[in-house]
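Whatever order the structure lists them in is the order used to number ligands and atoms, beginning at 1. It should be emphasised that the depicted structure is a prediction, and the values quoted were computed from it without experimental measurement. Residue numbers start at 1 and run along the sequence shown.
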Amino acid sequence: MPTLVMKFGGTSVANLDRIARAAKRVAVEVANGYDVIVIVSAMSGKTNELVGWVSETSPLYDAHEYDAIVSSGENVTAGLMALRLQEMDIPARSWQGWQVPVLTTDAHASARIEEIPTKNITAKFGEGMKVAVVAGFQGVSAAGRITTLGRGGSDTTAVAFAAAFGAERCDIYTDVDGVYTTDPRITSKARKLDKISFEEMLELASLGAKVLQTRSVELAMRYKVRLRVLSSFEEPSDSAGTLVCDEEEIMESNVVAGVAYSRDEAKMTLISVADRPGIAAAIFGPLSDAGVNVDMIVQNISEEGRTDMTFSCPKDQVLRAEKAMNDAKTSGAINFHDLVADEGVAKVSVVGIGMRSHTGVAAKMFKVLSAEGINIKVITTSEIKISVLIDRKYMELAVQALHDAFELDKAG
Ligand code: ASP
Ligand code: MG
């Protein structure tokens with residue numbers, strides 16, 4: 001029997017009615033002849049509540065217990081989904097991560113899946129089980145402790161199961177009906193994409209499009225798992241949702257696939273640091289040790305052996321970054337004149353695999369921003385992406401103007 005993985009996010013299992021509705025979707029695929037592996041999230045809001053209980057009880061909590069508690073939301077929805085399917089006369093049972101087992105590293109709260117042995121579930125399919133309902137987001141370490149995969153981790157569970165079982169496809173049911181050219185809340189011209197390549201999706205996910213956990217896209221790209229993102233609130237159809245797939249499967253597409261943004265960025269500049277071998281390591285080593293996620297980096301021209309170093313990071317990490325830099329200065333590892341933080345910036349990016357073969361995308365982007373009178377503070381590029389830092393107050397305008405200029409409202 002071909003295998004299909006169907007993942008239901010928190011809003012799709014938010015209450016018993018929604019679970020019943022999701023179960024009907026599962027029944028359709030069972031009738032289509034699939035052995036189905038259903039991956040469920042916790043009911044929406046549940047994980048936040050559990051995290052809150054943990055912090056309230058123990059501010060510096062033990063990560064083992066955090067995982068034991070926070071993983072429990074998925075156990076409830078897995079059991080309820082299995083029961084609902086049984087009520088529909090579909091042979092189904094629930095599986096917690098350790099029962100499969102989903103073997104992970106012991107990095108509690110952000111564990112990585114190492115292996116999913118397929119033996120146990122395959123044996124049950126052989127005995128007539130039609131649906132395995134698996135609790136997403138959780139696994140078990142070599143030490144036998146329950147682990148979780150980081151927030152949003154049930155997407156990664158779903159892709160990992162699809163890879164392990166060689167599933168035909170991995171359908172991710174969520175509360176939006178697919179991946180859009182940009183956030184529809186920013187422009188009503190945002191258009192749902194029928195297909196998007198793994199690489200573009202990876203950029204969009206890491207740039208702040210929240211439909212899929214970034215790691216799940218990485219995994220899908222590595223194992224070539226065809227992912228479909230679709231809404232559990234719409235009527236099923238073959239063209240529903242967005243297919244995330246290999247670029248070979250996409251015949252025609254726009255040069256730019258989407259415009260992404262990330263609102264809460266900060267730009268920090270170390271003024272007058274010594275321009276000598278090892279200076280970048282001396283700055284970014286301590287930042288990384290302090291858990292600062294540095295994104296863009298610019299080293300300015302040097303004058304008389306001194307230079308300015310600019311980097312960006314999430315706004316809520318500014319204090320940590322300042323502390324790391326001041327500590328490094330005190331210890332003598334680095335020396336700078338001043339550290340200036342601009343906490344009022346946002347990042348706007350255009351993404352598209354078409355940029356590999358089309359020149360002029362960057363020039364056009366800069367022209368569009370200049371026509372709107374928007375000043376660019378920092379620029380970075382990769383093969384398929386151009387990102388700029390701008391004043392946060394112009395973020396919406398920039399997204400709208402770029403979306404218009406690259407004609408993303410029209411299909412490629
Ligand atoms: N329930 C977990 C969370 O809210 C995992 C998930 O839903 O993907 O992060
Ligand atoms: Mg999610």
**Prompt:** At the 4.0 Å heavy-atom cut-off, does Gly136 count as touching ligand 1?
**Reply:** no
**Prompt:** Does Gly10 come within less than 4.0 angstrom of ligand 1, counting non-hydrogen atoms of the residue?
**Reply:** no
**side-chain contact (heavy atoms from CB on, under 4.5 Å) partner of Trp95, the single match among Val38, Ile39, Ile37, Ile121** = Ile121
**Item:** Distance-only side-chain donor-acceptor flag, Gln317 / Asn293, under 3.5 Å
**Value:** yes
**Request:** Would you mind running through ligand 1 and noting each atom that sits below 4.0 Å from a heavy atom of Arg151?
**Result:** 3 (C), 4 (O), 9 (O)
**Request:** Could you list which atoms of ligand 1 come closer than 4.0 Å to a heavy atom of Ser41?
**Result:** 6 (C), 7 (O), 8 (O)
**Item:** Lys329 NZ: over 12 foreign heavy atoms closer than 6.0 Å
**Value:** yes
**Request:** Report the member of Lys7, Met43, Glu74 with the shortest heavy-atom distance to atom 2 (C) of ligand 1.
**Result:** Glu74
**Carboxylate-amine/guanidinium proximity below 4.0 Å for Lys347 and Asp295** = yes
**Prompt:** In this structure, which one of His403, Lys189, Lys192, Arg191 forms a side chain to side chain donor-acceptor pair (under 3.5 Å) with Thr181?
**Reply:** His403
**Item:** atom 8 (O) of ligand 1 [closest protein heavy-atom partner, distance rounded to 0.1 Å]
**Value:** Ser154 OG, 2.4 Å
**Message:** Regarding ligand 1, does Gly150 bring an N or O atom to under 3.5 Å of one of the ligand's N or O atoms?
**Reply:** no
**Request:** Just say parallel, tilted or perpendicular for the rings of Tyr61 and Tyr66, cut-offs at 30° and 60°.
**Result:** parallel
